[in-house]
Every structure is written in C-alpha cells, then in structure tokens.
Amino acid sequence: IAVGNAVVDMYVKCGSLAAAREVFDILRERDVISWTTLITGYLEHGCCEAALECFEQMRLEGIHPNIVTIISSLNSCSNIGATEKGRILHAQIEDKEYFEKDLVVGTALVNMYAKCGSLAMAQKLFDNLKETRDVILWTAMIEGYMDHGYGEAALKCFTRMQLEGVPPDMFTFVCGLKACSSIGATEKGQEIHAEIERLGMTVNSLVGNTLVDMYAKCDQLILARQVFDKLPTRDVDSWNPLIAGHANVGDIGDALHLVENMCREGIMPDPVTFVCVLSACGHTGMSEKSHTYFEAMSKDFGIVPALVHHNSMVDIHCRTGQLDKARVLIQKMPLSPD
RNA sequence: CUAUGGGUUAUU
C-alpha cells in the first residue's frame, strides 16, 4: 500500500493528476494517506471543489481523516473562500484545543479564516498561538487584513511583528507594500522600502516589482520610475505596474511610450499590458483608438483576447455613452460574457 | 527518504 501511495504521489508531483487518479482508482487498498495524497493533488492543481468532494468521498468509504487531511482540505477552503466548509472542518478536528496551538495547524486555520474574510476569528486563533508565532503565521494574518480592505490593520500587524523580533521575509515585505498601496501610505511605503534596501532585497525581482507597483499605486510615478531604473533585471512584470500607473492617472501618451520603450528593449507586452492600455483608453474616452489596440493585440503580438479584454472594450463604450455598441460587443463576444 | 502551513502587476 505504501508503494501504491508513493506512485500516486509521484504522479501528483510530476503534475499528472489524471495519471495519479488512474493509479489511485486501481489500488487494491486505500488508506488515509492514499486519499490525502489525492486530495492534495487536486488542491495543488487548483481543483479545490474536487478536493473537497474527494474528502467527502473518503468519509463515505469509511476512512477517517487525520490532521494532515484536514490541513490540506482547509487549504482548499481558503482558496475558494468556502467559509462554511472550513468552519465544519475546524469543528471536526479531534483534540481541537491541542491542535489549535500547533503552529502548522494554527497557521492553516488562521489562513483559512483570514482568506474567507472572518478576520475576528483569524485574529482570535492568532492570539492563541502566543509564543510560537513565526514569520509565516504573521504573514498570513497581515495578508488577511490587507486583502480585505484593512490596510491600516495590516500595517499595524506588520509593525508589531517587527517589535516582537520576528524578521520579515520577502513575502511579508510584499504584503506590507501592498497594504501601503491599498491606503496610499507613501511614507510608510518609503520606510519599508528603506528596510528592504538595507537588507539588499531589491535584487529580488518580486520585491522590486512590488516596490514599483506600490509607488505607482500611491501615484508617486517619479519614485516608481526611480525604483524601476535601479532594478537589476526588468521583465514585463516590472513594466506593467509603471504602465498601469500612468494609465490610471490618464497619461495615455506616457503609457503608450512606455509600451514602445519596453518593446524596444526586447520585452513583449503580455495580456496584462493590454488591459492597462485599454483601461487608459477608457479613462480618456478614446473608444476609437481602443479598437486599434485591441486588434494589434492578436495581429502584432499573438495574444488571444481574454474575457478581461472584451470586458474592457465594453467598459470603454459604456463610459463614452455608446451603449448600443457596448451591447453589440457583448452579443458578438467569442467567449461567454460574465 | 508515501501525504500537511504564507507570495507580486491589470478591467468592472
């Protein structure tokens, strides 16, 4: 049975969920590890509903979930915002008081409640963990506040973490910067920026790109540009926030210049770049130009317009009062409108 | 050394 489980796990880790399922289905015996391996496989492939169905199926077949199964399933709930199911899983933990104080279980619970927007519950469990709190737990809590519109609370949490002597890592910095973006806290952003510089973490492309995004979202385009210019490597994800920043303040000309410069450096626009460009058209009422860019997307750059792009086109025509045209666009969409 | 915890950019 351990060999069979290892084979299922191997296929999961190789990214072949179908093969994993096939082997799982012909196993002569299945234990809690077989099921948990499959459930985690669905989770890792983003099939969270399937993962949760699998959890139910397992119970129907009389296999009792253990704490690992629960942690994995809590993650599925986090990813799809399945609060009720998450609450039920939480209640199903045997030795709940014991496991709530376990860092891994506690973090999975805090993360689940935070992602589902039950911040009070997340905070309560977080407080309960007291001495053992590590950077991952802190980051889950900060991200929860940040993602639900509580930028101030997120920053307070970020500060408290440092006061308690837990050093932030790149994930924490990214959350802190996003919290600044969400409330336009330029000064706090600069403070965090200075710290990132001190630690030499600007060489990390994720952190560097997030800094550009933070300044751009705070409408500090000059500062955004300064960070951008100092990035050791620039990819499309470094250009996009800068382009979006200009697009959002209505600088369509500057936004387009940036796109040109990017192309000149050999970096091709991606679907996000075009959302920025189309959004800029919307903000400046350029409904005619938008068709040019929309067509160039597939013709010149080989990017198949996604739903967001079609939605942007609809938005542009609504903003310019061309509701009839917007209606036609919706009707003629090659994708099903949302 | 068969399964388990946090991550960046865009439209409404």
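Model, not experiment: these values are computed from the prediction. Sequence lines set the chain letters: A, B, ... in the order given, protein chains first and strands last, and positions in each chain run from 1.
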Given [options], the nucleotide with the shortest approach to the side chain of [X]:
X        : options            : value
A/Ile136 : B/U9, B/G6, B/U11  : B/G6
A/Asn75  : B/U12, B/G6, B/A10 : B/G6
A/Met170 : B/G7, B/U9, B/A3   : B/G7
A/Thr40  : B/G6, B/A3, B/U8   : B/A3
A/Thr36  : B/G5, B/A3, B/U4   : B/A3
A/Pro241 : B/G5, B/G7, B/U9   : B/U9
A/Ser279 : B/U11, B/U8, B/G5  : B/U11
A/Val308 : B/G6, B/G5, B/A10  : B/A10
A/Val272 : B/A10, B/G6, B/U11 : B/A10
A/Thr107 : B/U11, B/U9, B/G5  : B/G5

From [atom1] of [X] over to [atom2] of [N], roughly how many Å is that when rounded to an integer?
X        : N     : atom1 : atom2 : result
A/Met141 : B/G7  : CE    : P     : 14 Å
A/Trp138 : B/G5  : CH2   : P     : 22 Å
A/Leu177 : B/U8  : CG    : C1'   : 10 Å
A/His317 : B/U11 : NE2   : P     : 19 Å
A/His283 : B/A10 : NE2   : C1'   : 11 Å
A/Asn66  : B/A3  : CG    : C1'   : 8 Å
A/Ile142 : B/G5  : CD1   : C1'   : 15 Å
A/Arg133 : B/G5  : CZ    : C1'   : 16 Å

By the 4.0 Å heavy-atom rule, please label [X] as base, sugar-phosphate, or nothing.
X        : answer
A/Asp102 : nothing
A/Asn311 : base
A/Leu103 : base

Are any of [X]'s side-chain N or O atoms less than 4.0 Å away from OP1 or OP2 of [N]?
X        : N     : value
A/Lys217 : B/A10 : yes
A/Arg319 : B/U11 : no
A/Lys115 : B/G5  : no
A/Lys178 : B/G7  : no

* **Value rounded to 0.5 Å, distance of CD in A/Glu100 from CD1 in A/Ile93** =>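 Reported to 0.5 Å precision, the distance equals 7.0 Å.
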
* **Nearest-Å distance once atom P is located in both B/G5 and B/C1** =>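 Going atom to atom, P in each nucleotide, I get 14 Å.
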
* To do: Could you work out the separation of B/G6 and B/A10 based on their P atoms and round it to a whole Å?
  =>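 Approximately 22 Å lies between the P atom of B/G6 and that of B/A10.
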
When only distance counts, do a donor and an acceptor, one from the side chain of [X] and one from the base of [N], lie under 3.5 Å apart?
X        : N    : result
A/Asp169 : B/G7 : no
A/Asp9   : B/U2 : no
A/Asp147 : B/G7 : no
A/Asn240 : B/U9 : yes

* **Any donor-acceptor N or O pair under 3.5 Å, side chains A/Asp315, A/Ser312** =>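 Absent: no donor and acceptor within the cut-off.
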
Beyond-backbone contact of [X] with [Y], side-chain heavy atoms, under 4.5 angstrom:
X        : Y        : value
A/Phe158 : A/Ile192 : yes
A/Asn75  : A/Met112 : no
A/Asn209 : A/Asp235 : yes

* Flag, side chain of A/His148 to backbone of A/Gly144, donor-acceptor distance under 3.5 Å ->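 Answer holds: yes.
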
* Asked: Is a salt bridge present between A/Arg264 and A/Glu260, judged by a nitrogen-to-oxygen distance below 4.0 Å?
  ->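 Looking at A/Glu260 together with A/Arg264, the answer is yes, because their closest N to O distance falls below 4.0 Å.
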
